Student: 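I'd like to ask some things about the structure below.
Since the model is a prediction, treat every value here as computed from it, not as a measurement. Computed from heavy atoms alone, side chains included, the values below leave out hydrogens, waters and symmetry copies.
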Amino acid sequence: MIDFVSTFVSFFAVIDPIGTLPVFVAVTRSHDEATRRRMAIVATAVAAAILVFFVIAGEFILSAMSVPLAAFKVAGGIVLFLFALTMIFGESKPEEELRLVESADEGAIYPLAVPSIAGPGSMLAAVLLTENARFGFVEQALTTGVMLFVLGLTFVLMLSAGWIQRRIGQSGASVVSRVMGLILASVSVEAVLSGIKAYFGL
């Protein structure tokens, strides 16, 4: 059986629903309420489709490329760790992705669905947390359910984005993003250590 709390925290850290709020507000600032709701639905659905694809096919793609999962876990853990460091010390997710809104066509797909919701970190987590060698079908389904629950939470928060941002402000969203970065750093270190153990058979 999976650890629901650990799985939830891991997906919450990489998807970062709080950090998505300023991006959503910026992307939808010129639209009415009905359009904002439709964009939230589209963004969540696209992100869910991408992450479920990585749950189902991510490991098969690695196998087809003859990449051991242990090597992917080490590489993925390092990437997640670097991603976590940018969340802690660099620009927070809201600050970084608000720049994307300014330099790209506004839309639910980019930068909202990708990379704000379904970013590199969440794609890697979707593969690592549903590893075939460690988890059976039921456990993978439960993990996918937790991931979809976090996406559902992201959707609800997007619908309440205006009210929430008025309460916590962009500074509050930045603080939450940095705390999530610290949690993600510990998750990534565990992935690296697990990959090293698996590769050397320790």
Side-chain angles (χ1 to χ4, degrees), residues 7-58 61 76 79-80 83-84 86-87 90-130 143-178 180-181 184:
T7 302
F8 173 81
V9 170
S10 297
F11 277 119
F12 193 92
V14 292
I15 294 174
D16 192 9
I18 301 296
T20 298
L21 295 181
V23 183
F24 178 77
V25 170
V27 168
T28 62
R29 63 181 179 270
S30 60
H31 300 291
D32 58 30
E33 189 63 31
T35 303
R36 287 162 63 93
R37 187 180 303 109
R38 185 170 66 252
M39 293 179 72
I41 293 172
V42 171
T44 305
V46 170
I50 292 172
L51 294 181
V52 169
F53 171 81
F54 272 87
V55 168
I56 297 172
I61 293 173
V79 171
L80 285 177
F83 180 67
T86 64
M87 293 174 68
E91 286 186 312
S92 67
K93 178 177 175 178
E95 294 164 346
E96 179 183 4
E97 290 170 0
L98 281 174
R99 290 192 294 103
L100 291 178
V101 176
E102 296 171 356
S103 61
D105 292 335
E106 297 180 353
I109 307 299
Y110 177 86
L112 192 53
V114 181
S116 186
I117 301 174
S122 53
M123 295 175 193
L124 287 169
V127 176
L128 296 177
L129 294 177
T130 57
T143 298
T144 303
V146 173
M147 181 185 73
L148 294 176
F149 176 78
V150 174
L151 289 173
L153 181 60
T154 304
F155 172 71
V156 172
L157 291 177
M158 282 192 292
L159 294 183
S160 309
W163 182 87
I164 293 173
Q165 192 170 48
R166 285 194 297 272
R167 295 300 184 277
I168 68 174
Q170 186 162 327
S171 296
S174 179
V175 168
V176 172
S177 182
R178 294 181 196 284
M180 290 296 102
L184 181 58

Student: Which atoms form the tightest heavy-atom contact between Phe24 and Ala161, and what is the distance?
Tutor: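 That would be CD2-CB, 3.6 Å.
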Student: With side chain to side chain contact (heavy atoms under 4.5 Å, CB included) as the test, pick out the partner of Val146 among Leu129, Thr7, Leu151.
Tutor: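 Considering Leu129, Thr7, Leu151, a side chain to side chain contact (heavy atoms under 4.5 Å, CB included) with Val146 is found only for Thr7.
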Student: Enter the distance from Ser122:OG to Phe12:CZ here, rounded to the nearest 0.5 Å.
Tutor: 13.5 Å
Student: Is there side-chain contact between Leu51 and Leu148, with heavy atoms separated by less than 4.5 Å?
Tutor: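 When only atoms from C-beta onward are counted, Leu148 and Leu51 do not touch, as no gap falls below 4.5 Å.
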Student: Minimum heavy-atom separation for Arg37 to Leu159, with atom names?
Tutor: CG-CD2, 3.8 Å
Student: As an exercise, state the distance from CD1 of Ile109 to OG of Ser116, rounded to the nearest 0.5 Å.
Tutor: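 Here the rounded value is 12.5 Å.
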Student: For a quick test of reading the model, state the closest non-hydrogen atom pair linking Phe54 to Val127 and the distance between them.
Tutor: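 That closest heavy-atom pairing would be O-CG2, 3.6 Å.
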Student: Tell me, with the steps shown, if Ile117 and Ile50 meet side-chain contact (heavy atoms from CB on, under 4.5 Å).
Tutor: CA-CA 10 Å; Ile117 301 174; Ile50 292 172; over 6 Å; no
Student: Can you measure from OG1 (Thr154) to CZ (Phe149) and round to the nearest 0.5 angstrom?
Tutor: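 CZ of Phe149 is found 10.0 Å from OG1 of Thr154.
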Student: Got more than 12 heavy atoms from elsewhere within 6.0 Å of CZ, Phe8?
Tutor: yes
Student: Working to the nearest 0.5 angstrom, can you tell me the gap between Leu21 CG and Met158 CE?
Tutor: 8.5 Å
Student: Taking all non-hydrogen atoms of both residues, which atom of Thr28 and which atom of Met39 are closest, and how far apart?
Tutor: CG2-SD, 3.8 Å
Student: In Å and rounded to the nearest 0.5 Å, what is the CG to CG distance from Leu157 to Leu153?
Tutor: 4.5 Å
Student: Using every non-hydrogen atom in the two residues, find where Ala43 and Ala113 come nearest and quote the distance to one decimal.
Tutor: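 Reported closest heavy-atom pair: O-CB, 3.5 Å.
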Student: Report the distance from atom CD1 of Ile56 to atom OG1 of Thr144, rounding to the nearest 0.5 Å.
Tutor: 7.5 Å
Student: Give the minimum heavy-atom separation between Ala126 and Met147, together with the two atoms involved.
Tutor: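 The pair with the smallest heavy-atom distance is CB-SD, 4.2 Å.
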